[in-house]
J.: 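Got a structure for you, written out below as structure tokens; questions coming shortly.
Just so it is clear: chains get the letters A, B, ... in the order the sequence lines come, proteins before strands, and each one is counted from 1.
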Protein chains: 2
Amino acid sequence: MLPSSTVENYLKALHQAETSREDKALVPMGQLATAVGVAPGTATTMVKALADSGLVEYEPYVGVRLSSAGAKLAALVLRRHRLIEQFLVEIVGMSWAEVHEDAEQLEHVVSDRLIERMDAMLGHPAVDPHGDPIPTPDGTVAAPDYHSLLTCPLHIAVTVTRVTDQDANFLRFLEKQDLKPGHSLEVEARDSAADSVQLRTSAGHQITIGTQAASKVLIEVS
Amino acid sequence: MLPSSTVENYLKALHQAETSREDKALVPMGQLATAVGVAPGTATTMVKALADSGLVEYEPYVGVRLSSAGAKLAALVLRRHRLIEQFLVEIVGMSWAEVHEDAEQLEHVVSDRLIERMDAMLGHPAVDPHGDPIPTPDGTVAAPDYHSLLTCPLHIAVTVTRVTDQDANFLRFLEKQDLKPGHSLEVEARDSAADSVQLRTSAGHQITIGTQAASKVLIEVS
DNA sequence: AGTCGCGTTTTGACAACTCAAAATATAGAA
DNA sequence: TTCTATATTTTGAGTTGTCAAAACGCGACT
């Protein structure tokens, strides 16, 4: 029995929650409910059903975690999502800021045939337009461990490789400031009191952004 | 309130049933139920709901008809379906025999933004890979009145313009026999006793097909 | 230890969609 | 006109996914 869109969304949210979490603790119900956009009680009901299907491990009053079967399924949803985003940007010519919503819908209905065709057209890309890694067809995800603009050394040339936020306004801002994946820059200063990070782009522009934003821009030393 | 996939499917089936029908009679429930793939009682329930929403006109024990609002909505679903098919064939390089199933799913989730982008990429095509006309964004459908291989004059060069069947096997057969839209041929004979039609393709091959099949291949004199 | 607060679970209900099978209407034959 | 065959509608029930609000568990603070 193939999983419904609803199930796919719960698994995906769980995957996101798990990977954006240092410890290996269970994801609390409240967080999952918020991520999926349902009332807390709804998440509890759904998670119990998922546990019965063997897709998650559930500890009442503590939280949930993907089982290996659930993790694989989540990876396949993510694969579809990210290949679709890459396709919409590379082939259809849409903006990286606007593809997320479309991919969010399409990921639940594209056939394997079509998704593999897209993958081939794109030359089997490793990452999507935001730098997020694209899982393989067997559900393996590369888990790269990047620095962010918040954690990297100062005064060193770095290259943006990934942006962990899908908000269209934020993405448009980054695009305008030449902070899309591939562009290089260096961090000039951090001010924890002012909650800000000061950057200089390769074009020489100076930009100051908040630490929240800085933590979402991942880089590698170039 | 935007219509669900289910509603869209009922409207689409109704549109198909209405246009493949000489008279302007109402579509009987049984036919609609079969087309949508549900039990008769389910269709009755759904149609009453559609009537309450003003999308159809319903006469108990007689049948249903699309209202103008329903017809427009149906046309927009058809527009999405057919643009997607054209896109999958022209841009993605899929076979015309296999795009129907994918389009069937995608038609309910593509955004207006994406569908108009596809339309532009394709140069605002008038017909899809099967020759079916693509409705305009405001819900207008060209209703061309073709002859079929069953009704056209004998011994005259004609060009295939449209195929009114989505069965993958049938489409593959037509492709192999050079009977896709665009190819020309002539009808050599019809035999009502044998229930068959004899054709000669432009390549000189002679083919005999049944009248059921012949009625699904629409042509124009060339 | 007692109890307060917060997150979680339970409960009861609802909306959308579906089916099987019983009840019913309609048209056509006798 | 009456009967009958067939299509349609009604009924009762089930599935999936959702919510609001009441009940509950658990750790923290006094």
Side-chain angles (χ1 to χ4, degrees), chain A residues 1-14 17-18 21 23 25-66 70 73-74 77 104-105 107-109, chain B residues 1-14 17-18 20-21 23 25-66 69-70 73-74 77 104-105 107-109:
Chain A
M1 61 204 83
L2 46 171
S4 66
S5 307
T6 308
V7 167
E8 290 188 345
N9 282 332
Y10 276 90
L11 297 179
K12 197 176 47 156
L14 218 32
E18 282 182 15
R21 167 176 287 266
D23 47 47
L26 303 193
V27 176
M29 277 310 172
Q31 186 184 332
L32 177 60
T34 305
V36 178
V38 298
T42 306
T44 299
T45 308
M46 191 65 206
V47 160
K48 284 202 286 193
L50 293 176
D52 288 346
S53 313
L55 295 171
V56 303
E57 288 156 27
Y58 169 50
E59 274 193 54
Y61 291 102
V62 182
V64 226
R65 175 178 19 229
L66 289 171
L73 234 49
V77 177
E104 202 74 14
Q105 294 299 124
E107 66 187 7
H108 305 297
V109 302
Chain B
M1 59 205 83
L2 47 173
S4 65
S5 306
T6 307
V7 168
E8 290 188 345
N9 281 332
Y10 276 90
L11 296 179
K12 197 176 47 154
L14 219 32
E18 280 182 15
S20 68
R21 169 175 287 266
D23 46 48
L26 303 193
V27 176
M29 277 311 173
Q31 187 184 331
L32 177 61
T34 304
V36 178
V38 297
T42 307
T44 299
T45 308
M46 191 63 206
V47 160
K48 283 202 285 194
L50 293 176
D52 288 346
S53 312
L55 295 171
V56 302
E57 288 155 28
Y58 168 51
E59 273 192 54
Y61 291 101
V62 182
V64 226
R65 175 179 16 231
L66 289 170
L73 234 48
V77 177
E104 202 73 14
Q105 294 297 123
E107 67 187 6
H108 304 297
V109 301

J.: Heavy atoms, side chains only, cut-off 4.5 Å: are A/V7 and A/M46 in contact?
T.: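 Answer yes - side chains close enough.
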
J.: Under 3.5 Å, is there a donor-acceptor pair between the side chain of A/E18 and the main chain of A/L66?
T.: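 Present.
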
J.: Of all the heavy-atom pairs spanning B/N9 and B/V36, show the shortest one and how long it is.
T.: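 Scanning both residues completely, I find the closest heavy atoms to be O-CG2, 4.4 Å.
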
J.: Give me the bend of the helix from C/dA1-D/dT30 to C/dA30-D/dT1, using the axes of the five pairs at each end, rounded to 10°.
T.: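 It comes to 30° between the two terminal axes.
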
J.: For A/A35, enumerate each residue passing the side-chain contact (heavy atoms from CB on, under 4.5 Å) test, keeping only those at least two apart in sequence or located in another chain.
T.: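 Here the qualifying residues are A/A13.
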
J.: Going by the rule side-chain hydrogen bond (donor to acceptor under 3.5 Å, both in side chains), which residues pair with B/E8 if we only count those two or more places apart in sequence or in a different chain?
T.: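 Testing B/E8 for side-chain hydrogen bond (donor to acceptor under 3.5 Å, both in side chains), a comparison that skips the adjacent residues, returns B/R80, B/H108.
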
J.: Using a strict heavy-atom distance below 4.0 Å, which residues from residues 50-62 of chain B are in contact with DNA chain C?
T.: B/Y61

J.: With 3.5 Å as the limit, what N/O pairs link the protein to nucleotides 12-14 of chain C?
T.:
none

J.: Side-chain contact, heavy-atom cut-off 4.5 Å: B/V77 with B/L11?
T.: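 Not touching, per the 4.5 Å side-chain cut-off.
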
J.: Which residues, if any, of residues 27-43 of chain A bring a heavy atom under 4.0 Å of DNA chain C?
T.: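 Correct list: A/P28, A/M29, A/G30, A/P40, A/G41.
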
J.: Once side-chain contact (heavy atoms from CB on, under 4.5 Å) is applied, do any residues pair with B/L26, and if so which ones, sequence neighbours excluded?
T.: B/E59, B/V62, B/R65

J.: When rounded to the nearest 0.5 angstrom, what distance separates CG in A/L2 from CG in A/L73?
T.: 10.0 Å

J.: First contact, last contact: which nucleotides of DNA chain D are these for chain A, 5' to 3', heavy-atom distance under 4.0 Å?
T.: D/dG17 to D/dG25

J.: Taking only residues at least two apart or on different chains, which pairs with a member in residues 30-56 of chain B satisfy side chain to side chain donor-acceptor pair (under 3.5 Å)?
T.: B/R21-B/Q31

J.: Rounded at 0.5 Å granularity, tell me how far OH in B/Y58 sits from CE in B/M29.
T.: 4.5 Å

J.: Who passes side-chain contact (heavy atoms from CB on, under 4.5 Å) against B/A69, sequence neighbours left out?
T.: B/L55, B/S67

J.: Rounded at 0.5 Å granularity, tell me how far CG in B/L50 sits from OH in B/Y10.
T.: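 One gets 8.0 Å once the value is rounded to the nearest 0.5 Å.
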
J.: Just to be sure I understand the geometry, which residues of residues 4-13 of chain A put a non-hydrogen atom under 4.0 Å away from DNA chain C?
T.: none

